[in-house]
2 protein chains.
Amino acid sequence: MAELIPILDEQAAESLYGQLYRFFREEILSGRIVAGTKLPSVRHLCRSAGVSKSTVETAYQQLLAEGYLESRARSGFYVVEAVDFAGWDVLPAEGEAEVVTPPVAAVAPRYNFHGSVIDLASFPLGVWKKCMLEAMERYQGDLAFYGDKLGEYELRAEIARYLRQARTVQAVPEQVVVGTGLLQAVGSLCLLLAADVKKVAIEEPGYADVREVFEQHGMEVVPVPLEEDGLSVQLLRESGAQMVYVTPAHQYPYGMIMPIAKRMQLLEWARSTGGLILENDYDGEFRYKVKPVPSLQGLDQHGSVIYVSNFSKALSPAIRVNYMVLPLKVMERYRAFYQQYANPVSRIEQRALQLFLQNGHWERHIRKMRKVYERKQAALLQAVEEEFGDLVSVLAQAAGLHLILEVKAERSGEELAAIAVAAGVKVYPTTRNWIGAAKPAWPRLLLGFGGLSPEEIREGIQLLRHAWFPDER
Amino acid sequence: MAELIPILDEQAAESLYGQLYRFFREEILSGRIVAGTKLPSVRHLCRSAGVSKSTVETAYQQLLAEGYLESRARSGFYVVEAVDFAGWDVLPAEGEAEVVTPPVAAVAPRYNFHGSVIDLASFPLGVWKKCMLEAMERYQGDLAFYGDKLGEYELRAEIARYLRQARTVQAVPEQVVVGTGLLQAVGSLCLLLAADVKKVAIEEPGYADVREVFEQHGMEVVPVPLEEDGLSVQLLRESGAQMVYVTPAHQYPYGMIMPIAKRMQLLEWARSTGGLILENDYDGEFRYKVKPVPSLQGLDQHGSVIYVSNFSKALSPAIRVNYMVLPLKVMERYRAFYQQYANPVSRIEQRALQLFLQNGHWERHIRKMRKVYERKQAALLQAVEEEFGDLVSVLAQAAGLHLILEVKAERSGEELAAIAVAAGVKVYPTTRNWIGAAKPAWPRLLLGFGGLSPEEIREGIQLLRHAWFPDER
DNA sequence: ATGGATTTGTCCGTATGTATG
DNA sequence: TCATACATACGGACAAATCCA
């Protein structure tokens, strides 16, 4: 064996054994030391390199652990034979490369009428902090292990209680499943029901994101046109779908509330065909003027309705908690199927939410937010009326955190949105919520008002009017 | 209605009304009391059960509040008609019996050697609280809206930095995806890659939960037997799989480290077949004696390795954060495919974790935990040696939070586990991690030591020895 | 072939400067 | 601030493998 003395730098930041380890690893990987070679003995090397025995030993042990060397007891360390190392580039140097440069934020529009932004000023930060702290204190034992796969029982009990009382949902804690989002929940149902549900009906227009989830899971998606009062049950019948996705509380995007008669027809469809109804209680909490309508699930007598909802609008979209209420037959399958998955929601956050509900903050908060959003909606309605008058008509006023503006202009929704952006206002075309071509005579745009103050709303609408109808007035 | 008199135990720890509540709840959920049944009147029941009126009343009120009963004024309490309770299992579905649903406390084994429990006493609760509070303060603006779909950028940057430095992973923040768990990540990859990956190879024995996820997504799963140093690349080649799932840092469950030669063979397989490698860096942080070994992904030069790991062992399984590092070609597909999904992890918790990493707590914590678990492992090894001597041999010592005990007994792993449970000790057979029949000559059981103190470990092992080998000594 | 000298990996107690809490 | 713990480095003790007279 020729000379093979690594040059070590006592001054270097890297430890001596680290330098030694790296030297030999690179010699081996580059093929300069061929397989089968006996490395210098510990004692020999420590003398020639001028370091202690254990320094060499530590380096050799590491190479041994990683499989570069094998040790023959009291004989020596040998480079493993198993593979030809020649030609492998040396590993990238460890350590720091670049500084963290957060990606350049796109120029945020001054007035963003997004439908999912909430009113931050009303978020009960203090209370939420308290709940989090108490959760960490009271339930610190939870941190050691996975929790209930369906969600912490006490949280599910609180959700069930709330749903029974406020949303007329029939629910016991055992039916409730807690998850991280509506789309995730729909995805999990797709996988669960894939064997039985090949064809799923959705509202046309409807929630495009949900449609994509169905499609990604290989389901055939049938658009069922909306009538005045929700989707056409007649056409649903003809579709041959095994499941239908509906938003009876507040149709997305058009905002109609499904009347009781149509709800009964829908349930009758389910009963007679054995079909499943996936009820998204979208914006159910925020209903203005009109009386609450019982949830579809609450009217159901045959366990055909899967009820889904979330805390994104009423609490925060950043908190990532949704819930499902499953009928018995689906629940049994769900439990068996998702047996191996830990619940995806942080246990502490579940506990915080549980405390938030248990202490009555939730109901208080909902009541408060109803007022807040009612005022914002009023501001938006008034601004729209004042600025646009007959140039637009307004849909989806009964509930929710957005309106639909039907604009009497010879332009597409996309064009109008682009014009708006140029003026610093972001509004949202609804065309992607159609599977077929959008049919309304005039373009319709979605304007969410949750994240803007009444003043911002008024200013935004003024800008919008000047951008869209510069000549009027 | 026939006699229905619960037997109450005045001496029990549980309150009388609690026992009553639980009794009826279980009767209803199990279907032994059918929907619509009138329960015995308060007065009647309090006489027959020998308790006071208010005890019964409290129990009924609780059941009422939770939706099991409805009260008809001046008539009585009835089991609700709406939900068909028949067939609801009171106990959680098969699987983790140690997950306690509060109303029905399962008998927790005194010494639970579960592989995923962490050392709670070492959890940095104070620091974590501080991070959470600061996150809520500093990033309260995040609460108004959804975050980055891949995870908050600064968190991904911190994860990338850590992985580069400590795990020799080649990672920039743009490749990192944050999620709620390893299985969820694998599931999302299945959906994403379904078109290209029909057949996936896994280690035999391997991680059964992961196998089930693959199967649920319709992939054909090919078990590839383990050799001394990890799965057989020869047989992998012959399998025709388009993807392989491996745990090179610490094979689950047997604990071997994949040596460099086999890593290169594996990468060569990927290069020559265009296959993908899914590297789960399982327990990579907890290596005893030598430093952690570099990742497989770090050796890859062709973007064939998907790297996945999580914070469950090293921080807490209750916190639900995992991460993936995707090769660029996969990353592009991922972004396009999951475009509509909000990131499932709570933004505040992401921020807290980000601060935890940024302030160096993470590296500190890892170093600390390595010591803690090293001590526990030593205690377990010593106890096993003292109690069992040659009656067992020990595998998987190099790393991780568990050992494998090969028990020289003419019984199956399941039998041994059952005997252990009867003695108050829970250990885990490994047979379900095999697809084919388990081949080892002797039964092998998994003993996790993360959640037990050295004393508990010793006591548990003593009990185990007496239960398994009562005649020896 | 052999026995003793030497070399070798392995184990272990210790010293020291640095980082940690 | 200070005590402690830790990573790193050092060298002695031991026993097995190897070498060689």
Side-chain angles (χ1 to χ4, degrees), chain A residues 1 3-25 28 33 36-81 94-96, chain B residues 119 121-131 134 162 165-168 257 259 285-294 314-315 355-379 381-382 385 394 397-399 454:
Chain A
M1 184 182 55
E3 286 303 296
L4 198 86
I5 305 166
I7 317 279
L8 302 182
D9 177 6
E10 295 234 33
Q11 312 306 317
E14 195 180 7
S15 64
L16 290 172
Y17 86 85
Q19 294 178 50
L20 218 46
Y21 156 78
R22 222 163 31 76
F23 171 80
F24 282 108
R25 189 184 63 187
I28 295 167
I33 305 182
T37 309
K38 179 176 184 299
L39 290 194
S41 78
V42 174
R43 264 162 260 258
H44 195 272
L45 183 61
C46 82
R47 268 196 301 275
S48 58
V51 293
S52 87
K53 218 153 54 75
S54 73
T55 303
V56 178
E57 202 180 312
T58 313
Y60 277 13
Q61 284 301 323
Q62 187 69 31
L63 291 162
L64 192 66
E66 295 179 17
Y68 292 92
L69 305 181
E70 56 188 18
S71 155
R72 300 189 203 144
R74 274 124 224 140
S75 164
F77 287 94
Y78 297 81
V79 177
V80 289
E81 293 273 10
E94 302 175 14
E96 271 331 89
Chain B
D119 183 68
S122 305
F123 183 85
L125 190 64
V127 173
W128 186 247
K129 270 186 189 166
K130 242 193 212 122
C131 290
E134 192 178 340
Y162 167 72
Q165 188 226 307
R167 313 290 311 121
T168 64
I257 300 167
E285 282 104 355
F286 297 114
R287 173 159 311 286
Y288 311 118
K289 309 279 184 296
V290 294
K291 280 184 148 181
V293 302
L315 189 57
L355 295 170
F356 192 78
L357 287 157
Q358 279 175 341
N359 296 333
H361 298 301
W362 168 246
E363 264 113 340
R364 254 195 298 280
H365 182 64
I366 287 285
R367 270 200 299 276
K368 175 176 153 196
M369 295 318 291
R370 209 171 280 148
K371 284 291 159 209
V372 168
Y373 291 130
E374 195 168 0
R375 256 174 233 134
K376 292 193 182 194
Q377 198 213 40
L381 283 170
Q382 200 197 337
E385 168 60 27
V394 178
Q397 306 189 27

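Every chain is numbered from 1, with letters handed out A, B, ... down the list of sequences. What you see is a predicted model, and the numbers here were worked out from it, not measured in a lab.
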- Going by heavy atoms in the side chains, are B/Leu381 and B/Glu385 under 4.5 Å from each other? no
- Query: Taking NZ from A/Lys38 and C1' from C/dG9, how many angstroms apart are they, rounded to a whole number?
  - Reply: 10 Å
- What closest approach, in Å, do A/Ser75 and A/Lys38 show between heavy atoms, and which atom pair accounts for it? O-CE, 3.2 Å
Using a cutoff of under 3.5 Å, can you pull out all pairs of nitrogen or oxygen atoms linking the protein to nucleotides 8-15 of chain D, with atom names and distances?
residue: D/dT8; atom: OP2; partner: A/Tyr17; partner atom: OH; Å: 3.0
residue: D/dA9; atom: OP1; partner: A/Leu16; partner atom: N; Å: 2.4
residue: D/dA9; atom: OP2; partner: A/Tyr17; partner atom: N; Å: 3.2
residue: D/dC10; atom: OP2; partner: A/Ser52; partner atom: N; Å: 2.7
residue: D/dC10; atom: OP2; partner: A/Ser52; partner atom: OG; Å: 3.0
residue: D/dC10; atom: OP2; partner: A/Thr55; partner atom: OG1; Å: 2.8
residue: D/dC10; atom: O5'; partner: A/Ser52; partner atom: OG; Å: 3.4
residue: D/dC10; atom: N4; partner: A/Ser54; partner atom: OG; Å: 3.4
residue: D/dG12; atom: O6; partner: A/Lys53; partner atom: NZ; Å: 2.7
residue: D/dA13; atom: N6; partner: A/Lys53; partner atom: NZ; Å: 3.4

- Gap between atoms CG and P, on A/Leu63 and C/dT10 respectively (whole Å): 13 Å
- Take A/Ala73 and B/Lys368, find for each the nucleotide of DNA chain D with the closest heavy atom, and name the residue whose nucleotide sits nearer the 5' end. B/Lys368
- Task: Could you state the atom-to-atom distance from OH of A/Tyr78 to P of D/dA17 in whole Å?
- Result: 13 Å
- Item | Closest listed nucleotide, where the reference is the side chain of B/Arg364 and the choices are D/dA7, C/dT20, D/dA17 | C/dT20
- A/Leu63 side chain reached by A/Tyr21 side chain, heavy atoms, under 4.5 Å: yes
- Under-4.0 Å side-chain N/O to phosphate OP1/OP2 contact, A/Gln61 with C/dG9: no
- Is the distance from OP1 or OP2 of D/dA5 to the nearest side-chain N or O of B/Arg367 less than 4.0 Å? no
- Message: Parallel, tilted or perpendicular, judged at 30° and 60°: which one describes the rings of B/His365 and B/Phe123?
- Response: perpendicular
- Message: What is the separation between atom NZ on B/Lys289 and atom P on D/dA7, rounded to the nearest whole Å?
- Response: 13 Å
- To the nearest angstrom, how far is B/Lys371 atom NZ from D/dT4 atom P? 18 Å
- Message: To check you understand the geometry: which heavy-atom pair defines the closest contact between A/Leu69 and A/Leu64, and what is its length?
- Response: O-CD1, 3.4 Å
- Residue B/Lys291 excluded, over 12 heavy atoms near NZ under 6.0 Å: no
- Message: If I take atom NE2 in residue B/His361 and atom P in nucleotide C/dG21, what distance separates them, rounded to the nearest angstrom?
- Response: 9 Å
- Query: For the pair made of CZ in A/Phe77 and C1' in C/dT8, what is the distance, rounded to whole Å?
  - Reply: 9 Å
- Message: Does C/dT8 have OP1 or OP2 under 4.0 Å away from a side-chain N or O of A/Ser75?
- Response: no
- Message: side-chain hydrogen bond (donor to acceptor under 3.5 Å, both in side chains) for A/Glu66 and A/Gln62? Distances and angles first, verdict last.
- Response: CA-CA 6 Å; A/Glu66 295 179 17; A/Gln62 187 69 31; 2.7 Å; yes
- To the nearest Å, give me how far apart CD (B/Glu363) and P (D/dC6) are. 17 Å
